[in-house]
Novice: 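Dumping the structure here so I can ask a few things about it.
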Amino acid sequence: MQIQDDIKTLYNYEAFARFIKMIHELREETISEMHEASSDTLQQVSGRIITYDQILQFVDWESLKKRHADQ
């Protein structure tokens with residue numbers, strides 16, 4: 001699959017790691033919003049968290065974070 005090859009290439013760039021770190025931080029902020037969300041907006045907040053999770057899993061954030069930890 002070409003997208004996986006593209007992600008492997010992007011792994012070499014610190015800028016990509018910073019971008020994905022921002023996604024992780026947005027996920028964490030959204031989780032904190034969940035505690036204050038009304039029942040009407042809870043589904044929307046949950047959907048955003050799921051989206052962030054999917055991106056982080058797709059790019060294997062934990063491996064990327066370790067790879068660029070010293071930079």
Side-chain angles (χ1 to χ4, degrees):
M1 178 179 249
Q2 180 154 357
I3 191 71
Q4 290 171 338
D5 293 336
D6 293 343
I7 290 172
K8 284 179 185 178
T9 300
L10 290 169
Y11 257 62
N12 296 315
Y13 297 97
E14 187 179 347
F16 180 67
R18 285 193 308 268
F19 173 72
I20 297 301
K21 181 180 181 191
M22 183 187 70
I23 298 292
H24 179 263
E25 291 168 356
L26 288 170
R27 176 190 172 272
E28 296 301 313
E29 288 175 20
T30 305
I31 289 171
S32 67
E33 285 178 33
M34 187 177 234
H35 300 290
E36 301 167 6
S38 68
S39 57
D40 295 336
T41 60
L42 192 57
Q43 188 173 8
Q44 291 176 335
V45 173
S46 297
R48 287 177 22 220
I49 293 168
I50 289 169
T51 301
Y52 293 138
D53 279 340
Q54 288 173 331
I55 294 167
L56 294 169
Q57 289 173 9
F58 192 69
V59 301
D60 191 7
W61 164 239
E62 291 303 318
S63 295
L64 182 64
K65 180 170 56 172
K66 289 175 187 173
R67 181 174 183 153
H68 291 279
D70 59 338
Q71 299 176 4

Novice: If you measure from OG on Ser63 to NE2 on His68, what distance do you get to the nearest 0.5 Å?
Specialist: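 One gets 11.0 Å once the value is rounded to the nearest 0.5 Å.
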
Novice: Could you check if a side-chain atom of Ile23 sits within less than 4.5 angstrom of a side-chain atom of Trp61, using non-hydrogen atoms only?
Specialist: no

Novice: In Å, rounded to the nearest 0.5 Å, how long is the span from CD of Gln44 to OG1 of Thr30?
Specialist: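 Spacing of CD (Gln44) from OG1 (Thr30) equals 12.0 Å.
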
Novice: Below 4.5 Å, heavy atoms only, C-beta onward: do Arg48 and Thr51 meet side chain to side chain?
Specialist: no

Novice: For the residue pair Asn12 and Arg67, establish whether any side-chain heavy-atom pair is separated by less than 4.5 Å.
Specialist: yes

Novice: Look at the side-chain heavy atoms of Ile, Leu, Val, Met, Phe, Trp and Tyr, link any pair under 4.5 Å apart, and say whether Phe58 and Leu26 land in one connected group.
Specialist: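 Yes: a chain of side-chain contacts under 4.5 Å links Phe58 to Leu26.
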
Novice: Does any non-hydrogen side-chain atom of Arg18 lie less than 4.5 Å from one of Glu14?
Specialist: yes

Novice: List, by chain and then residue number, the residues other than Ile50 in its hydrophobic cluster (Ile/Leu/Val/Met/Phe/Trp/Tyr, side-chain heavy atoms under 4.5 Å); write none if there are no others.
Specialist: none

Novice: If I compare all heavy atoms of Leu64 with all of Ala17, which pair ends up nearest, and what's the gap?
Specialist: CD2-CA, 3.8 Å

Novice: With a 4.5 Å limit on heavy-atom distance, are the side chains of Val59 and Phe16 in contact?
Specialist: yes

Novice: Let me confirm one number: the CD-NE2 distance from Glu33 to His35, rounded to the nearest 0.5 Å.
Specialist: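 NE2 of His35 is found 10.5 Å from CD of Glu33.
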
Novice: Hey, are the side chains of His24 and Tyr52 touching, using non-hydrogen atoms and a 4.5 Å cut-off?
Specialist: no

Novice: Treating Ile, Leu, Val, Met, Phe, Trp and Tyr as nodes and any side-chain heavy-atom pair under 4.5 angstrom as an edge, say whether Ile49 and Ile55 lie in one connected cluster.
Specialist: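 Different hydrophobic clusters.
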
Novice: Please round to the nearest 0.5 Å and tell me the distance separating atom CD of Glu36 and atom OG1 of Thr41.
Specialist: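 Going from the CD atom of Glu36 to the OG1 atom of Thr41 covers 10.0 Å.
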
Novice: Side chain of Ser46, backbone of Leu42: donor and acceptor closer than 3.5 Å?
Specialist: yes

